[in-house]
Amino acid sequence: MSSPSPARPKIIAIANQKGGVGKTTTAINLATALATTRKVLLIDLDPQGNASTGLGLPRHERGQGSYALLVGAAPLAELIKPSRIPQLALLPADADLAGAEIELIDVEARERRLLNALEAARDTLDGTDLIIIDCPPSLGLITLNALVAADEVLVPLQCEFFALEGVSQITRTIERVSKTLNPNLKLGGIILTMFDKRNNLSELVAADVREFFGEKVYDTIIPRNIRITEAPSHGLPVLVYDHRSAGAEAYVALAQEWIRREKQLKETAQ
């Protein structure tokens, strides 16, 4: 009698085709906060590699990473790196990832490369509860791989004038992917970031987004905070760099809200 295969981790893609919205910061700090109660793998799929840097892994120490996984050059077990955070592992972005969009164009099932690689790594991922994917700021083939592999998408949304226009594009993409490539994919939520309470525009944008998307918008708001900005230069999540800062407290609250929402989803499904 064969033993049952390990349970599949929940997979969250953090995506927005617009850059500078707090996407990588959210990936790093949400992963760090959730790693206090579960085992987490952060996958850096952004060629800029900022999530890797923000977790203290400089470029010269990365070696192979997410590019090698996508092209099948190495299995996940050989590519995962530990981080300074207990229970948080990292699949870094390697230098060649920038060329993956072009190299994968003619590859069979090119949009399923990440999904297939993770499925093949079930034993490696045994015990991992959650995978968080930091996507590039585009809706290209790399992001598509993340959406095909993911169960849900969290969309960080900067509180600025063009915010709604940008988020409508990613939500349409999520709908198309769920209809054609990944029926399990859903919009997990929208996270308001870089909120400046001194700026009336932030309040207006937050109100507009909540009116349009309703309960999909998280109650937790991530403020503009100098500690959030400083932390990556020290190779640390803001939760470690300054756990008493307003930014750190906001990401702890975000993780707690994600856990509550996840519990409610499971109860509703029963």
Side-chain angles (χ1 to χ4, degrees), residues 9-35 39-85 87-101 103-104 113-115 117-118 121 124-125 128 130-150 152-156 191 193 228 231-240 251:
K10 173 108 180 187
I11 302 177
I12 303 173
I14 299 188
N16 190 325
Q17 77 281 358
K18 191 174 184 300
V21 299
K23 178 179 55 60
T24 297
T25 301
T26 297
I28 292 170
N29 289 289
L30 181 60
T32 300
L34 290 171
K39 189 176 177 184
V40 181
L41 170 64
L42 177 60
I43 296 179
D44 190 350
L45 271 192
D46 188 343
Q48 296 175 73
N50 291 337
S52 304
T53 305
L55 279 178
L57 191 63
R59 291 187 184 278
H60 67 274
E61 292 181 13
R62 288 179 201 168
Q64 289 186 308
S66 51
Y67 169 81
L69 187 70
L70 286 174
V71 300
L76 184 66
E78 295 178 11
L79 303 172
I80 293 177
K81 304 281 195 300
S83 79
R84 303 180 194 180
I85 314 301
Q87 294 204 104
L88 176 57
L90 172 68
L91 176 62
D94 40 357
D96 294 324
L97 186 58
E101 295 273 355
E103 291 182 40
L104 291 175
R113 301 293 296 184
L114 179 60
L115 174 64
L118 293 177
T124 301
L125 292 169
T128 299
L130 191 61
I131 296 174
I132 294 179
I133 306 172
D134 185 31
C135 299
S138 70
L139 295 178
L141 190 52
I142 294 177
T143 298
L144 182 59
N145 264 269
L147 298 183
V148 170
E152 70 174 65
V153 185
L154 295 178
V155 182
I191 301 162
T193 62
I228 291 176
S233 65
H234 296 270
L236 293 170
V238 71
L239 277 79
V240 177
Y251 276 113

(request) I would like to know whether L115 and I11 meet side chain to side chain contact (heavy atoms under 4.5 Å, CB included); could you show each step before the answer? (result) CA-CA 10 Å; L115 174 64; I11 302 177; 5.8 Å; no
State, to 0.1 Å, how close [X] and [Y] come at their nearest heavy-atom pair, and which atoms those are.
X	Y	answer
N29	T25	ND2-O, 2.9 Å
P136	K23	C-CE, 4.2 Å
P75	L69	C-CD1, 4.2 Å
D94	S66	OD1-N, 3.6 Å
L79	Q64	CD2-CB, 3.5 Å
Y251	G22	OH-O, 4.2 Å

Compare all side-chain heavy atoms of [X] with those of [Y] and state whether any distance is below 4.5 angstrom.
X	Y	answer
V155	V21	no
Q48	P137	yes
L76	L118	yes
R62	T53	yes

(request) Look only at the side chain of T143 and the backbone of S138, and say whether a donor-acceptor pair between them is shorter than 3.5 Å. (result) yes
Within this structure, what is the [atom1]-[atom2] distance for the pair [X] and [Y], rounded to the nearest 0.5 Å?
X	Y	atom1	atom2	value
L130	L34	CG	CG	6.0 Å
T124	L41	OG1	CG	10.5 Å
K81	L91	NZ	CG	8.0 Å
D134	I12	CG	CD1	12.5 Å
I133	I43	CD1	CD1	5.0 Å
I28	L239	CD1	CG	11.0 Å

(request) Kindly determine whether D96 and V71 satisfy side chain to side chain contact (heavy atoms under 4.5 Å, CB included), including the steps that lead there. (result) CA-CA 10 Å; D96 294 324; V71 300; over 6 Å; no
(message) If you apply the rule side chain to side chain contact (heavy atoms under 4.5 Å, CB included), what do you find for L55 with L88, and how did you get there?
(response) CA-CA 10 Å; L55 279 178; L88 176 57; 4.0 Å; yes
(message) With no hydrogens and no angle check, just 3.5 Å: does a side-chain donor-acceptor pair link T32 and R84?
(response)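 Absent: no donor and acceptor within the cut-off.
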(message) Less than 3.5 Å apart, any donor N or O on the side chain of D44 or S52 sitting next to an acceptor on the other?
(response)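 There is such a pair (donor and acceptor under 3.5 Å, judged by atom type) between the side chains of D44 and S52.
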(message) For a side chain to side chain contact (heavy atoms under 4.5 Å, CB included) check, start with the C-alpha distance between I14 and C135, then their side-chain angles and the critical distance, and finish with the verdict.
(response) CA-CA 6 Å; I14 299 188; C135 299; over 6 Å; no
